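Letters A, B, ... mirror the listed sequences (proteins, then strands); counts begin at 1. A quick note: this is a predicted structure, and the numbers were derived from the prediction, not measured. Worth knowing before you read on, the calculation uses all heavy atoms, side chains too, and leaves out hydrogens, waters and symmetry mates.
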Amino acid sequence: DTGVSQNPRHKITKRGQNVTFRCDPISEHNRLYWYRQTLGQGPEFLTYFQNEAQLEKSRLLSDRFSAERPKGSFSTLEIQRTEQGDSAMYLCASSPTLGYTFGSGTRLTVV
Amino acid sequence: LAKTTQPISMDSYEGQEVNITCSHNNIATNDYITWYQQFPSQGPRFIIQGYKTKVTNEVASLFIPADRKSSTLSLPRVSLSDTAVYYCLVGDVGSARQLTFGSGTQLTVLP
C-alpha cells in the first residue's frame, strides 16, 4: 500500500479551461475527502464521499466544481471554466473510520 | 465545530524541546484533539491524537489538562527536518465529520 496517490502533482492551465484531478485512496478506505489549500492557510474542506455516495459538499464547491467516486474506489475532481481564484493546492484524504491519510496534493495554477 | 487558536509562528534551535499550545475553549464532550504536521508541497501528516491527560508516541507527546480547553504538543529534541507547519484540530473522530484546519503554527528550527 503506497498511501493516497494524487495525479497530476502540478497543473498549469489557462483561464476558462477545464481541469480534472484524480485521487487514488488507500485500498478499502471507504471515506474520501477533497480539500483546497491556498498559500499560508490551512486546508479547507470541499466534499466527502462514503464509498460512492457524495454525502457532503462545502459552500466553497461552486457549480463549476464536480466530484465523483465511481464504484467507491478512485475519485475525480473537475473544475470547469477555471478562474485565477481557483489556483490552489487540491488535497485528497482517505479514512477508514478513524484517522485521515492525505495525499501530496495537486497544485493548480490558473494563468 | 470547535475553533482552535495557536501561535502563528515559533522558532527553536536544534536539540531543544518545543512546546506548541493550542486553545479550544468550546471543545465538546465527544471531541478529540489531533495534531497534524505539514511540509511544503505535501499533504498534512497525522502526528498524534488524544482525549485527555497525556498521550505519547515515537514522535511527540500531547498534554491535555483536565478542563480540555487547551492542549500542548511537545516535540523532544527537534531537528532541522521538524521545520513545518503544525495544525491543531478538534473534532469527533467517530463521525464522518470533515476536519477544520486553522492557519497552523509555522515552526522553524534553526541550526
Peer 1: Spell out, yes or no, whether B/Val18 and B/Ile47 are grouped together once hydrophobic residues are joined by side-chain heavy atoms under 4.5 Å, including indirect joins.
Peer 2: yes

Peer 1: A/Phe102 versus B/Phe46: any side-chain heavy-atom pair under 4.5 Å?
Peer 2: no

Peer 1: Might you confirm whether atom CZ of A/Arg15 has over 12 heavy atoms from other residues, nucleotides or ligands at distances under 6.0 Å?
Peer 2: no

Peer 1: Do B/Tyr87 and A/Pro43 touch side chain to side chain, with heavy atoms closer than 4.5 Å?
Peer 2: yes

Peer 1: Count the heavy atoms of every other residue, nucleotide or ligand shown that sit under 6.0 Å from CD of A/Glu68, and state whether that count exceeds 12.
Peer 2: no

Peer 1: Please look at A/Glu44 and chain B and tell me whether the side chain, the backbone, both or neither of the residue comes under 4.5 angstrom of a heavy atom of that chain.
Peer 2: neither

Peer 1: Would B/Ile64 end up clustered with B/Val90 when hydrophobic side chains under 4.5 Å apart are linked, directly or stepwise?
Peer 2: yes

Peer 1: If I measure from the heavy atoms of chain A, does B/Phe39 come under 4.5 Å with its side chain, its backbone, both, or neither?
Peer 2: neither

Peer 1: Is B/Gln38 in contact with chain A via its backbone, its side chain, both, or neither, using a 4.5 Å heavy-atom distance?
Peer 2: side chain

Peer 1: Given the rule that I, L, V, M, F, W and Y join up when any side-chain heavy atoms are under 4.5 Å apart, are A/Val110 and A/Phe65 in one cluster?
Peer 2: yes

Peer 1: Could you tell me if the side chain of B/Phe101 sits less than 4.5 Å from the side chain of A/Phe45, heavy atoms only?
Peer 2: no

Peer 1: With chain A, which of B/Gly102, B/Ser103, B/Pro44, B/Gly104 has the greatest number of heavy-atom pairs at distances under 4.5 Å?
Peer 2: B/Pro44

Peer 1: Could you measure the distance from the OH atom of A/Tyr35 to the OG1 atom of B/Thr100? Nearest 0.5 Å is fine.
Peer 2: 7.0 Å

Peer 1: Tell me whether A/Trp34 is reachable from A/Met89 by hopping between hydrophobic residues (I, L, V, M, F, W, Y) whose side-chain heavy atoms are closer than 4.5 Å.
Peer 2: no

Peer 1: Do any N or O atoms from the side chain of A/Arg9 and from the backbone of B/Ser41 form a donor-acceptor pair under 3.5 angstrom?
Peer 2: yes

Peer 1: Could you tell me whether the side chain of A/Leu91 reaches within less than 4.5 Å of the side chain of B/Gln42, counting heavy atoms only?
Peer 2: no

Peer 1: Count the heavy atoms belonging to other residues, nucleotides or ligands that lie under 6.0 Å from CG of A/Leu60, then report whether that count exceeds 12.
Peer 2: yes

